[in-house]
Amino acid sequence: MTGLPPKPDGRGGRIGALRFLRLLRRDILSAQSPRLYRAKMAEFRTPFFRSYVINDPGLIRTVLQERPGDFPKSPHLAGALGPLLGNGLFLSEGADWARQARMVAPLLEIEPRRALPHLHWAGQAALARLEARADRAAPVALEGFARHLTADVMFRLMFSRPVAGEEARQLLAVFDAYQASAPLVSLAAVFPGLRGRWPAVKPATRAAARELRKMVARLVARHRAAWVKGQPPGDLVGRFLAATDPETGQPMEKVELVDQAVTLLLAGHETSAAALSWVLYLLALHPAEQAAIAEEAEAALSAGPVDHAVLSRLERARAVAREGLRLYPPLPMLLRQTAQPEQFRGRAIPQGAQIVLSPWHLQRHEAHWPDPDAFRPGRWRDPAQAAARRDAWMPFGAGPRACPGAGLAMAELVLLTAMICRDWVLRPAGPAPRPMARLTLRGQPPLMAVVTPRRRSDGT
Ligand code: HEM
C-alpha cells in the first residue's frame, strides 16, 4: 500500500473576494477552506455576493430532495455551459425541465441492460488500441484513453456506431477546448455591476461550442433521414426522434433534439471518463487490489456473453468503482441558488445566494468516514460504514435532478475496469497529479500510467 492518494491543499485562511474569485476560476476545489472536511456549513461573503457550502446530510436533503423548486440550478452554470448544451435536460428549469424529464429520463433508465453488449464492444476496441500502441514502454495518458473509450460508448448507444480515428480526435479536441476555456464561475457572478457587460464565456469557447453543435446536428439529421426511409433506429437518438410528450403528444423540436444529444454526449462521456481514469490511477497505486480485480474479472468474464449475471459477479470491481467515485467525484461540486430568503443552521441566507453542495467534501468528511482520505474498497462491505454510504455518498447527486445515467455509468465503470485489469497491468508514471475541478475533475499534471500486458494464470 502506498501513501494517501492525491488531494489538493485547499486555500489557507481567510482571503479576499478577488483572490477567492481567481482561485475559483482556476479550480473550484483549491479555492475552498480545509475546514470543510470537518464543518457542516461554510459561508463566503462579499458586499455583492454570498456563497454557502452545505455539508450536512439533512440540509442537503432539504435542498436537493424536499424543496428542489426553491433551489434552482445556479444561473452561472447556464452562463458557462449554455452555449454548448442549449436548453437541454442538464440546464433547463421549471416546467420546461419537467417536460424534458418526462420525455428523456425514462429512455435513459432502461439503458443499462440494453447497453451491456455495446459497453463490451467499446471495451474491446479500447483494449485493441492499447495493444496497437507503437511504444508499449511509453506512459499512457489515462484521461485521454478513458475519454476516447467513453465517447465511443456514447456514440454506440446514441447513434449505433463507434467513434474512432479523426472523428474521435476532433470531437475530443472541441470538448477539450471548451473545458479549458469555460470557467464555471464568471466575473459577473461575483460582481453584479459587470452583468450584461462581461461575457460569461470567451469568443473562442463560443466558437468551440458552435463547431460541436454543428457536428452533432449533422449526425442527428442523418438519423432523421434514415428514419424517414424506414423504422426509427432503436438507439437513443432514434428513440428521441420518436418520443412524444405523454401529456401533450408533441415530439421534440429540431433544436431541442440537438440540445439533448449534445447534453447526453457531454454528460455521458466526460463524467464517466473522469471516473474511469481516477479508478485506473487508484488501481495503479494499489497493485494488490489491481491483481485481485484481474483474477475476479478473469473468472467472471470467461463465463460467456456479458449479461447482468456476469456484471453482478464483479463485486470487487464494483467496490473499487464506488470508492473511486467517493474519493474523486467527477462533478465535485453542484451549484444552486436560493429563490427566496432562507434560515440554515441559524443563519439568514438572502435570496439569490449561491448554494454549493459538495460531494467532494461530504465524501471525505471526518464525521462520516473513518480514514476519509484513504483508498479502502473494503469499506463498501463494512456494516459500521452503512450510514456513511447512505448519507454521505452522492457522486450522482440526489432528488429529482439526480443523474438519470447513474445505472448506465456504474455498469460502464465496473465492466470496463474489470476488462482493462484482466488484460493489462498499470503502474503510476510521472509526477503525482493534483485533482483539479473545472467542468469535471481532472489531474494536473495529467494522470499517467505505464500499461504492460498481464500474464494470465494459464500462462498466456
Ligand atoms: C460516473 C459518471 C457520472 C457521474 C458521476 C454523473 C454525475 C451527475 C450528477 C452529480 C448530476 C446532477 C447535477 C446536479 O444536480 O447539479 C448529473 C446529472 C445528469 N447526468 Fe450524470 N453523471 C454520470 C454519467 C452520466 C451518463 C452516462 C449520462 C447519460 C447517459 C448522464 C446524464 C446526465 C443528465 C442528462 C443529467 C441532468 C439531469 C437533470 O438535471 O434532470 N450522466 N450527473
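Numbers here simply count residues along the sequence, with the first being 1. Ligands are counted one by one from 1 in listed order, and the atoms in each one are counted from 1 as well.
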Quick check on contacts: which atoms of ligand 1 are under 4.0 angstrom from a heavy atom of [X]?
{"X": "L408", "result": "30 (C)"}
{"X": "L89", "result": "35 (C), 39 (C), 40 (O), 41 (O)"}
{"X": "K73", "result": "14 (C), 16 (O), 40 (O)"}
{"X": "M154", "result": "30 (C)"}

Heavy-atom check, side chain of [X] versus side chain of [Y], under 4.5 Å:
{"X": "I349", "Y": "R50", "answer": "no"}
{"X": "V306", "Y": "L119", "answer": "no"}
{"X": "W278", "Y": "P435", "answer": "yes"}
{"X": "P370", "Y": "Q385", "answer": "yes"}

Can you tell me if [X] has a non-hydrogen atom under 4.0 Å from ligand 1?
{"X": "M394", "value": "no"}
{"X": "P330", "value": "yes"}
{"X": "M410", "value": "no"}

Is it true that [X] and [Y] have ring centroids separated by less than 6.0 Å?
{"X": "F375", "Y": "H286", "answer": "yes"}
{"X": "W393", "Y": "W369", "answer": "no"}
{"X": "F155", "Y": "H269", "answer": "no"}

Legend entry - Check: T338/Q351 side-chain N/O donor and acceptor closer than 3.5 Å: no
Legend entry - Heavy atom of the protein closest to atom 5 (C) of ligand 1 (residue, atom name, distance): P395 O, 3.5 Å
Legend entry - Sidechain N-carboxylate O distance under 4.0 Å for R161, D152: no
Inset, instruction - Counting heavy atoms only, name the option from R336, R401, E412, Q260 that's nearest to atom 16 (O) of ligand 1. - result: R336
Inset, instruction - Tell me, please, whether F90 has K73 positioned over its six-membered ring: NZ or CZ under 6.0 Å from the ring centre and within 45 degrees of its axis? - result: yes
Legend entry - Residue pairs involving residues 252-261 (criterion side chain to side chain donor-acceptor pair (under 3.5 Å); sequence neighbours excluded): R99-E256, Q100-Q260, R213-D259, E256-Q260
Inset, instruction - State whether the shortest distance between N or O atoms of W97 and N or O atoms of ligand 1 falls below 3.5 angstrom. - result: yes
Legend entry - Environment of atom 21 (Fe) of ligand 1 in terms of protein N/O/S atoms, cut-off under 2.8 Å: C403 SG
